[in-house]
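Values in this document were obtained by computation on a predicted structure and should not be read as measured data. When a residue number appears, it is its place in the shown sequence, counting from 1.
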Amino acid sequence: MQFSVNQIASLCGGSVEGNGDIIIDSFAKIEEGHTGAISFLANPKYTHFIYDTESSAVLVSRDFSPEKPLKCTLIRVDDPYATVASLMQMASKMLEPNPVGVEQPCFIAEGVEVPVDAYIGAFAYVGKGAKLAPGVKIFPGAYIGDGVKVGAGSIVKPNASVYHGCVIGERCIIHSGAVIGADGFGFAPTENGYEKIPQLGNVVLEDDVEIGANTTIDRAMMGSTRVGRGTKLDNLIQVAHNCTIGEQTVMAAQVGIAGSTHVGSRCMFGGQVGLAGHITVGDNVQLGAQSGVPNSIPSDKRMMGSPAIPAPNFARMVVAQKNLPDLMRRLQQLEQAVAKLSAAE
């Protein structure tokens with residue numbers, strides 16, 4: 001993979017400042033740059049690295065104004081972070097293997113049609129009644145249950161499992177170890193213990209959803225557990241039965257969502273956020289890492305803490321907590337002073 005800086009700028013609609021004939025053959029973080037690499041500068045905290053980076057080219061915003069001489073060539077773009085993501089997607093498509101065909105041994109139930117451009121890896125299992133659209137890739141050891149529908153261009157990575165009756169949209173990615181459609185955690189207490197409540201629904205992933213490694217999405221008791229178009233879930237996330245997640249929402253690792261909770265579109269959840277069951281979180285809600293959410297949240301809120309409170313209030317509370325030792329010392333001094341005044345009377 002080799003491109004000139006001029007070619008890269010043409011691909012991303014950027015303008016070159018410096019030597020446009022330099023050849024780029026790799027990506028590197030700006031602080032770990034090397035000859036032939038392209039880096040990006042999106043966070044102002046990393047600006048000081050650009051003056052010493054060994055990267056041959058750096059993507060910067062159009063209004064970036066260097067304060068010192070630079071060794072690297074600049075490619076000015078509207079959004080460096082989005083641009084490097086787009087370039088890396090292009091590189092990934094060129095570099096990643098693109099297997100086609102059916103490897104043996106594997107199991108494909110009788111009557112399942114495998115498109116000519118699909119891929120079924122060794123030791124994969126495809127159950128009866130499954131529907132595979134063109135371009136689907138089922139990697140080795142993956143499990144596709146009975147009646148599962150997998151949309152065009154979707155990828156199921158090694159050892160991921162999609163239980164019976166679930167629906168995977170187009171261009172989805174399900175990473176290794178993920179489980180889509182396991183039973184929801186439904187048990188009825190009786191005199192003789194807990195009686196399992198059958199989970200008769202399914203899971204529906206809409207188009208362009210990505211599910212991280214070892215993430216689990218439980219099937220609904222009735223109806224569907226649903227993840228909206230373009231939503232991205234990190235590794236080790238738990239989505240319980242009958243939850244719904246809107247479109248273009250992102251969640252970092254170890255988020256946990258209890259049953260029948262509804263999350264809106266374009267939300268952003270930090271790591272280890274926990275949501276109680278049977279609540280509603282509106283659109284455009286941002287939750288800081290380790291936030292605990294016991295109640296519903298309206299749209300357009302930024303919350304942090306456990307229980308979650310508005311982010312500005314949380315920031316003030318953290319400042320107050322840092323001052324608690326000093327406040328306690330001052331309180332003790334005041335109590336002692338008051339005690340002395342009382343004794344003197």
Side-chain angles (χ1 to χ4, degrees), residues 29-31 40-47 49 79-82 84-85 88 173-180 185 205 208-218 225-241 243-325:
K29 295 191 291 185
I30 194 168
E31 66 271 30
F40 72 101
L41 177 61
N43 189 330
K45 293 181 180 180
Y46 290 82
T47 300
F49 287 115
D79 185 339
Y81 192 70
V84 77
M88 293 181 75
I173 302 174
I174 301 173
H175 286 279
S176 295
V179 178
I180 310 300
F185 193 63
L205 306 185
D208 301 301
V209 168
E210 184 159 352
I211 305 299
N214 294 318
T215 283
T216 56
I217 304 176
D218 290 347
T225 302
R226 183 176 294 270
V227 179
R229 180 182 58 83
T231 286
K232 316 296 182 185
L233 304 186
D234 196 3
N235 305 331
L236 296 166
I237 286 175
Q238 158 67 9
V239 179
H241 61 177
C243 289
T244 61
I245 301 173
E247 298 182 355
Q248 305 295 343
T249 285
V250 292
M251 299 183 185
Q254 298 184 350
V255 167
I257 307 177
S260 298
T261 282
H262 304 288
V263 176
S265 297
R266 299 174 301 281
C267 294
M268 301 176 68
F269 292 0
Q272 296 186 333
V273 165
L275 274 64
H278 302 273
I279 64 173
T280 298
V281 175
D283 298 334
N284 306 306
V285 171
Q286 298 181 18
L287 297 175
Q290 295 189 327
S291 293
V293 182
N295 301 305
S296 295
I297 299 175
S299 296
D300 304 309
K301 296 292 184 181
R302 293 178 62 243
M303 311 281 281
M304 295 184 71
S306 185
I309 60 175
N313 295 353
F314 179 81
R316 289 193 290 270
M317 186 178 71
V318 170
V319 171
Q321 286 178 333
K322 290 180 179 178
N323 293 329
L324 279 178

(message) For F314, give me all partners under ring-ring contact (aromatic ring centres under 6.0 Å, His included), at least two apart in sequence or on another chain.
(response) none
(request) Taking T215 for its side chain and I237 for its backbone only, find out whether a donor-acceptor pair lies under 3.5 Å. (result) yes
(message) Within this structure, what is the CD1-CD1 distance for the pair I245 and I257, rounded to the nearest 0.5 Å?
(response) 4.0 Å
(message) Looking at Y46, I want to see if its OH is surrounded by more than 12 non-hydrogen atoms of other residues, nucleotides or ligands under 6.0 Å.
(response) no
(message) Can you tell me if K232 has over 12 outside heavy atoms packed within less than 6.0 Å of its NZ?
(response) yes
(request) Drop me the distance from I180's CD1 to I211's CD1, to the nearest 0.5 angstrom. (result) 5.0 Å
(message) If you apply the rule side-chain contact (heavy atoms from CB on, under 4.5 Å), what do you find for R316 with V319, and how did you get there?
(response) CA-CA 5 Å; R316 289 193 290 270; V319 171; 5.7 Å; no
(message) Return the CG to CD1 distance between L275 and I297, rounded to the nearest 0.5 Å.
(response) 7.0 Å
(request) Report the residue from T249, V255, V239 that forms a side chain to side chain contact (heavy atoms under 4.5 Å, CB included) with L233. (result) V239
(request) Would you please test D218 and Q238 for side-chain contact (heavy atoms from CB on, under 4.5 Å) and show each step? (result) CA-CA 8 Å; D218 290 347; Q238 158 67 9; 3.1 Å; yes
(request) Check whether any side-chain N or O of D234 sits under 3.5 Å from a backbone N or O of A252 as a donor-acceptor pair, and report yes or no. (result) no
(request) State the CG-CD1 distance between L41 and I30, to the nearest 0.5 angstrom. (result) 5.0 Å
(message) Using only atom types and a distance under 3.5 Å, with no angle test, would you say the side chain of S291 pairs donor to acceptor with the backbone of A308?
(response) no
(message) Using side-chain contact (heavy atoms from CB on, under 4.5 Å), reason through R229 and Q248 one step at a time and then give a plain yes or no.
(response) CA-CA 6 Å; R229 180 182 58 83; Q248 305 295 343; 3.4 Å; yes
(request) For the pair N214 (side chain) and N235 (backbone), establish whether a donor and an acceptor sit closer than 3.5 Å, ignoring hydrogens and angles. (result) no
(message) Tell me whether R266 at atom CZ has more than 12 heavy atoms from other residues, nucleotides or ligands lying less than 6.0 Å away.
(response) yes
(request) Mind checking ring-ring contact (aromatic ring centres under 6.0 Å, His included) for F40 and listing every partner two or more places apart, or none if nothing turns up? (result) Y81
(request) Rounded to the nearest 0.5 Å, what's the gap from CD on Q254 to CD on Q272? Could you check? (result) 4.5 Å
(message) Donor-acceptor pair, distance only, cut-off 3.5 Å: does the side chain of T261 make one with the backbone of H278?
(response) yes
(request) Determine whether the side chains of T280 and H262 contain a donor N or O and an acceptor N or O closer than 3.5 Å. (result) no
(request) Looking only at non-hydrogen atoms, find the nearest pair between G277 and A258 and report the distance. (result) N-CB, 3.3 Å
(message) Check whether D283 reaches the backbone of S265 with its side chain - one donor and one acceptor, N or O, closer than 3.5 Å.
(response) yes
(request) Taking the side chain as every heavy atom from C-beta outward, state whether V285 and C267 have any pair of such atoms under 4.5 Å apart. (result) yes
(request) Indicate the atoms forming the closest heavy-atom contact of G259 with A240, along with that distance. (result) N-CB, 3.4 Å
(request) Start with the C-alpha distance between K322 and V318, add both sets of side-chain angles, then the distance that settles side-chain contact (heavy atoms from CB on, under 4.5 Å), and finish with yes or no. (result) CA-CA 6 Å; K322 290 180 179 178; V318 170; 4.0 Å; yes
